[in-house]
Amino acid sequence: MTKRMQRWLTMLCTAFVLMLSVSVFAADESDASKESTRLGESVVQREAVGFAGADYWRMVKDGQEGYTTSKSPEHGVLIRVPGQTWYILKEKWMSPLGALAIFGSLVLVGLAYVLVGPIKLSAPKTGRKIKRWSRWDRALHWSMAFTFLTLAFSGLTIVYGKHFIKPVVPTELWGWIIYAAKQYHNYMGPLFAVLLTVMLLKWWRKSLFTKVDLQWFMKMGGMMGKHKGSHPSAGFSNGGEKVIYWLLIFFGLFIAVSGFVLDFPIFGQTRADMELSNLVHMFSALILICGFIFHIYIGLFGMEAALDGMVTGEVDETWAKEHHDLWYEEVKDLPENQPGYDVNAETARKGKTAQDNV
């Protein structure tokens, strides 16, 4: 019995020693493999430098143009030195200042709400409705609002997501988030350009500046100071609305053109073209984002009943008198603004009249 136990013990010890030897051997082999790989990479690097020469790589880093059979622009330049300037402008200046501008705009509207307060109607609502926006106008407005806001959020995710989202979500989820933001931004961008063109053609006449707008600006729109609550005269659009409109058209044009350059790099654009377009795109978008923070504030919080027109298409008579008195005088006697007016009945009446004339 004792001999049998000795044999089993000897076999177990032998197996343990063999297993230990194998594991040590495997570890040594792994370390040797890693060292070999490291040495191999080092050798490859030395071979590459030695094959091309240190002077060659120095010229590449300096951005000097070499020879290639490709006829495409800049294909002879492996490293474009001015690209570092673009990187510094984008990451070290524009991104931080843009974030500061957006945050500052939010702080300003917050202070405006707390210190100045919303603009209230001076008189009670009468209940009489004045037609202000057609269904087509409202569809265009909300389509642009949705497109712009979602493009703004996806663009901000692309620029700032690596600082605020990436550190707090799993790597796989971050990959899907940034991929979705990029794809959405690329494919929805052209729709923004289409809507911008339609808005230009539809509303440009209503947005031309007049002497009345100068007086509106001098009284600061009746929003603050000694002029608060004074309700300066305005036509269909007041001076502030016209500023927002032309800001959208002007900087939206820069966004659309630079976006097409970035979205379709198939027309011989050089890296300099792409870098410039990127900076123009970012700067213009940040201007509009800050501007629309104030626009959204006025619509939602800063002015009583301001949102009614874009939701129902109609505004109360008191609101029209106080904020757009000149326009109110022009439209108050129109049939559609009379009490008891029935759109469906009027449409049917016009259709019957047309049939009788036939």
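Only this structure's heavy atoms are used, side chains among them; waters, hydrogens and symmetry mates stay out.
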Requested in this report: Look at atom NZ of K206 and say whether more than 12 heavy atoms of other residues, nucleotides or ligands are closer to it than 6.0 Å.
Outcome: yes
**Report entry** More than 12 heavy atoms from other groups under 6.0 Å of OH on Y245
**Finding:** yes
Report task. May I ask you to decide if I255's main-chain N or O and S258's side chain share a donor-acceptor pair within less than 3.5 Å? Result -> yes
Query raised in the report: When rounded to the nearest 0.5 angstrom, what distance separates NE2 in H141 from CZ in R138?
Result: 11.5 Å
Query - For T147 against M188, the heavy-atom pair lying closest together - result: CG2-O, 4.3 Å
**Report entry** Contact check, side chains of W246 and L208, non-hydrogen atoms, under 4.5 Å
**Finding:** yes
Query raised in the report: F260 and I266: same hydrophobic cluster, using ILVMFWY side-chain contacts below 4.5 Å?
Result: yes
Donor-acceptor contacts, no H, no angles, side chain residues 286-306, under 3.5 Å, sequence neighbours left out:
{"from": "Y297", "atom 1": "OH", "to": "Y113", "atom 2": "N", "distance (Å)": "3.4"}
{"from": "E304", "atom 1": "OE1", "to": "L121", "atom 2": "N", "distance (Å)": "2.9"}

Query raised in the report: Do Y328 and E317 meet the criterion of a side-chain donor-acceptor pair at a distance under 3.5 Å?
Result: yes
Query raised in the report: Any side-chain heavy-atom pair from H185 and L151 closer than 4.5 angstrom?
Result: yes
Query - V315 vs K129, side chain to side chain contact (heavy atoms under 4.5 Å, CB included): CA-CA, chis, key distance, verdict - result: CA-CA 6 Å; V315 296; K129 298 297 182 182; over 6 Å; no
Requested in this report: Quick one: closest heavy-atom pair of A234 and H323, and the distance?
Outcome: CB-O, 3.5 Å
Query raised in the report: Within a reach of under 6.0 Å around NZ of K242, are more than 12 heavy atoms found that belong to other residues, nucleotides or ligands?
Result: yes
Requested in this report: Can you see which heavy atom on R132 is nearest to which on F236, and at what distance?
Outcome: NH2-O, 2.6 Å
Query raised in the report: Taking the side chain from D316 and the backbone from T126, do they hold a donor-acceptor pair closer than 3.5 Å?
Result: yes
Query raised in the report: Is it the case that one hydrophobic cluster holds both L200 and I244, taking links as side-chain heavy atoms less than 4.5 Å apart, direct or via other members?
Result: yes
Report task. Without swapping roles, check the side chain of W142 against the backbone of M310 for a donor-acceptor pair under 3.5 Å. Result -> yes
Query raised in the report: Going by atom types only, do Y184 and T150 share a side-chain donor-acceptor pair under 3.5 Å?
Result: yes
Query raised in the report: So if you build clusters from Ile, Leu, Val, Met, Phe, Trp, Tyr with side-chain heavy-atom gaps below 4.5 Å, do L140 and L149 land together?
Result: yes
Report task. Give a yes or no answer on whether the side chain of Q183 reaches the backbone of A180 with a donor-acceptor pair at less than 3.5 Å. Result -> no
**Report entry** Residue pair E329, L326: steps toward the side chain to side chain contact (heavy atoms under 4.5 Å, CB included) verdict
**Finding:** CA-CA 5 Å; E329 292 298 328; L326 301 180; 5.9 Å; no
Requested in this report: Find the distance between OG1 (T210) and CH2 (W216) and round it off to the nearest 0.5 Å.
Outcome: 12.0 Å
Query raised in the report: Given side chains that start at C-beta, do those of H281 and F254 come closer than 4.5 Å, heavy atoms only?
Result: no
Query raised in the report: Would a hydrophobic clustering, with Ile, Leu, Val, Met, Phe, Trp and Tyr connected at side-chain separations under 4.5 Å, put W174 with W176?
Result: no
**Report entry** Where A123 and E322 come nearest, the two heavy atoms and their spacing
**Finding:** N-OE2, 3.1 Å
Query raised in the report: Looking at L279, V159, L89, which hits side chain to side chain contact (heavy atoms under 4.5 Å, CB included) with M94?
Result: L279
Query raised in the report: What distance do F283 atom CZ and L97 atom CG have between them, rounded to the nearest 0.5 Å?
Result: 10.5 Å
Report task. Classify the ring geometry between Y160 and H163 as parallel (under 30°), tilted (30 to 60°) or perpendicular (over 60°). Result -> tilted
Report task. State, to 0.1 Å, how close K162 and P167 come at their nearest heavy-atom pair, and which atoms those are. Result -> O-CD, 3.7 Å
Requested in this report: Without swapping roles, check the side chain of D273 against the backbone of T270 for a donor-acceptor pair under 3.5 Å.
Outcome: yes
Query raised in the report: Side chains of W86 and N278: do they bring a donor and an acceptor to under 3.5 Å?
Result: yes
**Report entry** Straight-line distance of L191 CG to M144 CE, nearest 0.5 Å
**Finding:** 8.0 Å
**Report entry** Any W327 side-chain heavy atom under 4.5 Å of I130 side chain
**Finding:** yes
Requested in this report: Dump the intermediate steps for side chain to side chain contact (heavy atoms under 4.5 Å, CB included) on E314 and D308, then the final yes or no.
Outcome: CA-CA 7 Å; E314 299 174 330; D308 292 352; over 6 Å; no
Query - Closest contact, heavy atoms only, K332 versus R128 - result: O-NH2, 2.6 Å
Query raised in the report: Side chains of I158 and I178: does their closest heavy-atom pair fall under 4.5 Å?
Result: yes
Requested in this report: Flag yes if more than 12 heavy atoms outside F217 fall under 6.0 Å of its CZ atom; otherwise flag no.
Outcome: yes
**Report entry** Crowding at OH, Y87 (>12 non-hydrogen neighbours, <6.0 Å)
**Finding:** no
Report summary line: The reported gap from CH2 in W204 to CD1 in I249 (rounded to nearest 0.5 angstrom) is 12.0 Å
Query - N/O donor-acceptor pair under 3.5 Å between Q269 side chain and F264 backbone - result: yes
Query raised in the report: Any side-chain heavy-atom pair from W203 and D137 closer than 4.5 angstrom?
Result: yes
**Report entry** Test item: L156 and I102 side chains (from C-beta on) under 4.5 Å apart, heavy atoms
**Finding:** yes
Report summary line: Here the gap from S207 atom OG to D213 atom CG, rounded to the nearest 0.5 Å, amounts to 9.5 Å
Query raised in the report: Is the closest side-chain heavy-atom distance between V243 and F209 below 4.5 Å?
Result: yes
Query raised in the report: Got a sec: does the NZ of K90 have more than 12 other heavy atoms crowding it under 6.0 Å?
Result: yes
Query raised in the report: Can you get from F148 to L106 by hopping between Ile, Leu, Val, Met, Phe, Trp and Tyr side chains that sit under 4.5 Å apart?
Result: yes
